[in-house]
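Okay, structure first, notes after.
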Amino acid sequence: MTELLKISLPDGSVREMPQGSTPADVAAQIGPGLAKAALAARVDGELRDITRPFEGDAELALVTSKDVDEALELARHDYAHVLAEAVQNLFPGTQITFGPATDDGFYYDFAPPADRGAFTEEDLPAIEQEMRRIIAADTPLEREVWTRQQLIQWFKDHGESFKAEWAAELPEGEELTIYRQGDWLDMCRGPHLASTGKLDPQAFKLTRVSGAYWRGDQKNAMLSRIYGTGWLNKKQLNEHLHRMEEAAKRDHRKLGREMDLFHLQEEAHGSVFWHPQGYKIWRGLESYMRRKMDGAGYREIKTPQVMDARQWERSGHWGKYRENMFVIPDEVPNTEDEGELVSKDADWMALKPMNCPAHVLVFKQGITSYRELPIRLGEMGCCHRNEPHGALHGLMRVRQFTQDDAHIFCTEAQVVEEVRAFCKLADSVYKDFGFTYAIKLALRPEQRLGSDADWDRAEQELRDAVRDAGMMNDEYGWEELPGEGAFYAPKLEWHLTDAIGRTWQVGTIQGDRVLPERLDASYIGEDGEKHRPVMLHRAIFGSYERFIGILIEHFAGKLPLWLAPTQAVVATIVSDADDYANDALAKLRAAGIRAEADLRNEKINYKVREHSLAKVPHLLVVGKREAEEGTVAVRTLGEKEQRVMSLDEAIAMLREGATPPDLLADLRD
RNA sequence: GCUGCUGUAGCUCAGUGGUAGAGCGCACCCUUGGUAAGGGUGAGGCCGGGAGUUCAAUCCUCCCCAGCAGCACCA
């Protein structure tokens with residue numbers, strides 16, 4: 001007797017299907033259009049191959065290209081397999097490892113044959129061509145369940161030592177599957193599209209090659225990774241390539257040069273030379289942050305750039321962080337031509353990589369009563385970290401940077417409220433810049449100090465604070481990240497989303513009970529006894545360098561008026577207007593506007609073009625007519641229309657527009 | 001730090017085994033022009049640093065430095 005399977009569809013209908021039938025069969029039964037469009041199936045909520053037979057009664061939803069997220073994920077995973085087969089066809093002896101889908105495509109990590117090095121970009125066109133051939137062959141992708149022994153044997157027989165190693169280590173009890181396309185196969189959980197021909201040969205592009213460590217660990221072998229971007233059709237691919245071009249136009253390194261904001265050079269690689277224009281942005285941010293922190297009960301301090309190594313030993317940095325520190329011999333260097341620069345038994349000092357130990361030392365001066373807590377010590381702290389050279393990247397990753405740092409010393413009972421207040425403060429800052437963001441909780445890492453009970457409490461405090469702030473929800477992108485915390489404490493992280501959807505981690509707060517202990521910080525409690533304060537490390541911009549880099553890219557260089565280095569340029573049409581332009585400039589500057597005058601012997605077209613490209617927010621054009629009438633023709637960046645108004649009106653408009661957002665809020669209150 | 005690529009004028013980039021070119025920018029001259037490039041002339045380069053091969057190296061080889069794309073690490 002053959003029992004029929006009951007397959008429920010999203011519209012509520014139920015179809016009876018014979019044993020062994022597949023989602024594809026259901027699609028075919030419904031109609032030829034759907035049969036063609038269906039790419040995969042959601043069976044009881046699980047994404048599956050459309051050709052995989054039902055195992056019993058099931059709820060079925062067919063996935064088509066209209067289900068963009070699922071369809072893209074499937075297609076990209078297929079592209080990865082096609083890439084892997086193409087590479088093995090062209091370069092026999094290459095081993096396969098892993099090849100997942102990514103946010104905009106896919107990659108595959110290979111171990112190239114011993115007789116050739118890593119793949120290079122020159123290899124990509126040939127690989128793309130082979131991939132197109134494989135797609136055109138329209139080979140079915142077939143799922144098979146194998147035993148662990150079968151897998152290990154097969155990979156060993158085919159010289160695939162990485163895959164064999166992986167197969168041997170997969171957890172017990174998991175169903176092990178391979179996906180086959182013709183003669184080629186890879187161990188893979190799936191699911192996949194029904195055949196290689198479901199891919200659009202014009203909708204992918206191999207983009208770059210790079211190294212990547214086997215299993216993500218730098219102790220392991222370096223593999224050769226090939227990246228591609230993959231889509232459902234050519235239009236999507238072109239749109240993506242266009243977005244990439246737009247992102248490149250926003251690159252802060254390019255804009256920084258074009259707008260004359262800063263430069264970097266070999267002799268101080270990883271440290272920024274701020275030019276006058278760039279430093280105006282910095283100063284604007286710094287003033288803003290001072291007002292915010294002053295208003296939130298922080299007191300600003302300034303602590304030494306260099307401290308004795310013994311101090312760093314006490315704080316634990318010498319032991320845990322030394323490889324990232326710049327050290328300085330505490331002696332007069334040898335001035336002779338011969339001999340070593342520094343004697344063998346030199347005492348050492350170090351540039352500070354963090355501000356926290358110095359802040360504890362400030363806290364420890366005198367005797368602190370519980371009545372004084374919380375004490376919030378802020379510092380625009382300039383830190384040096386000897387970062388791995390490969391990590392350096394424009395303003396985003398540098399070796400000298402300044403943090404909007406602060407440490408809050410408080411009692412156990414005050415922790416949750418202080419963290420809650422910080423959540424609110426950070427929120428107001430990010431909103432002032434128009435950022436949306438996500439709050440994430442980085443939980444205990446595998447290697448950590450302290451008992452599990454301590455970690456339970458520390459993590460729960462941060463959760464409680466975010467909940468109290470009303471931010472533990474999707475609106476604030478709440479998410480917990482297992483294993484990502486610092487070795488001494490869990491941390492809350494603020495991830496900004498910029499104008500083109502990229503995310504940047506900037507702000508953070510973390511509760512620390514280790515450093516107060518190590519440096520013996522204490523306060524006198526109500527009971528007259530000494531107690532340990534909790535120390536909260538926190539920052540909102542993170543670093544000025546990185547935050548400015550993010551702002552440049554977020555605004556594509558068109559910074560809001562209050563931050564724009566030059567807020568207005570008075571540009572003359574004829575030299576007869578020079579005197580008037582200079583008067584206007586003086587008035588603008590007297591009103592606190594960062595203005596310049598352009599009296600050059602150039603046509604107005606030229607001046608408009610140049611200042612527009614320089615992203616000057618307002619151009620005040622003056623010719624004979626304006627000089628006679630006491631007006632200016634205002635051309636605002638991004639607008640084609642000009643507005644003629646009196647100079648006084650223009651100054652009033654600029655003053656209002658140039659008010660920092662926190663001061664605007666004060667006006668409204 | 002690891003893999004791959006790159007390094008030529010202030011910027012963007014051509015180029016060749018016989019010591020260099022463009023556009024923009026810059027300087028000077030002409031032009032006083034009404035909202036995204038007016039015209040002319042000119043200056044400007046130890047071809048990233050060091051070693052090697054060669055009669056000869058910016059070009060080929062090796063080492064170093066820096067940058068770029070990733071990896072790993074991270075504000």
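Treat the numbers as computed from the prediction; the structure is a model and nothing was measured. Chain letters run A, B, ... following the sequence lines, proteins first and then strands; every chain starts at 1.
- Aromatic ring centroids of A/H359 and A/H537 lie 6.0 Å or more apart.
- In this structure, the CZ atom of A/R600 is 18 Å from the P atom of B/G33, given to the nearest Å.
- In this structure, A/E649 does not pair ionically with A/R643, as no charged nitrogen and carboxylate oxygen lie closer than 4.0 Å.
- Distance noted for atom P between B/C71 and B/G10: 34 Å (whole Å).
- Applying the 4.0 Å criterion to OP1 and OP2 of B/A66, one finds that A/H389 has a side-chain N or O inside that range.
- Look at the P atom in both B/G25 and B/G39: the space between them is 10 Å, to the nearest Å.
- Between A/W282 and A/Y544, the ring planes lie parallel to each other; the angle is under 30°, not in the 30° to 60° tilted range.
- Here the separation of B/G70 from B/U12, taken at their C1' atoms, is 25 Å to the nearest Å.
- When the P atom is compared between B/C47 and B/G21, the two are found 14 Å apart, to the nearest whole Å.
- One can place CD of A/E258 at 18 Å from P of B/G10, the figure rounded to the nearest angstrom.
- By the neighbour-count criterion of 12 heavy atoms within 6.0 Å, atom CD of A/E323 is sparsely surrounded, having that number or fewer from other residues, nucleotides or ligands.
- Separation of the C1' atoms belonging to B/U35 and B/G40 is 25 Å when rounded to the nearest angstrom.
- The NE2 atom of A/H269 sits 18 Å away from the P atom of B/G49 (whole-angstrom rounding).
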Applying the Watson-Crick and G-U criteria (both distances under 3.5 angstrom) with [ ] for crossing and | for other-strand pairs, one obtains for RNA chain B (((((((..((((....[..)))).(((((.......))))).....(((((..]....))))))))))))....
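- Screening A/L395, A/V272, A/I548, A/I281 against A/L261 for a side chain to side chain contact (heavy atoms under 4.5 Å, CB included) leaves a single residue, A/I281.
- A/Y227 carries A/R208 over the face of its six-membered ring, with the cationic atom under 6.0 Å from the centre and within 45° of the normal.
- Taking atom CG on A/L223 and atom P on B/G4, their separation rounds to 13 Å, with Å as the unit.
- For the ring-ring contact (aromatic ring centres under 6.0 Å, His included) test with A/W494, the passing option among A/F422, A/F435, A/W478 is A/F422; the others fail.
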Contact letters for nucleotides 68-75 of chain B, in which S counts primed atoms plus P, OP1 and OP2 and B counts the base, heavy atoms under 4.0 Å:
SSBBBBBB
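- Taking atom CG of A/D123 as the reference point, atom P of B/U3 lies 17 Å away to the nearest angstrom.
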Given side chain to side chain donor-acceptor pair (under 3.5 Å), test A/E165 with A/W214 step by step and report yes or no.
CA-CA 11 Å; A/E165 174 189 329; A/W214 167 236; 3.3 Å; yes
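- The P atoms of B/C11 and B/C26 are separated by 15 Å, rounded to the nearest whole Å.
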A/D109 vs A/Y213, side chain to side chain donor-acceptor pair (under 3.5 Å): CA-CA, chis, key distance, verdict:
CA-CA 9 Å; A/D109 288 346; A/Y213 298 106; over 6 Å; no
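- Counting distance only, with no hydrogens placed and no angle test, the side-chain atoms of A/S575 and the base atoms of B/U32 include a donor-acceptor pair under 3.5 Å.
- A/E479 CD: more than 12 foreign heavy atoms inside a 6.0 Å radius.
- Taking atom C1' on both B/C65 and B/C29, the two are 44 Å apart, rounded to the nearest angstrom.
- With both ends at atom C1', the span from B/G45 to B/C5 equals 25 Å, rounded to whole Å.
- In summary, the aromatic rings of A/F110 and A/Y108 are positioned with their centroids under 6.0 Å apart.
- Taking the six-membered ring for Trp, A/W166 and A/F98 have ring centres closer than 6.0 Å.
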What string of B, S and - do you get for nucleotides 34-43 of chain B, 5' to 3', if B is base contact, S is sugar-phosphate-only contact and - is no contact with any protein heavy atom under 4.0 Å?
BBBBS-----
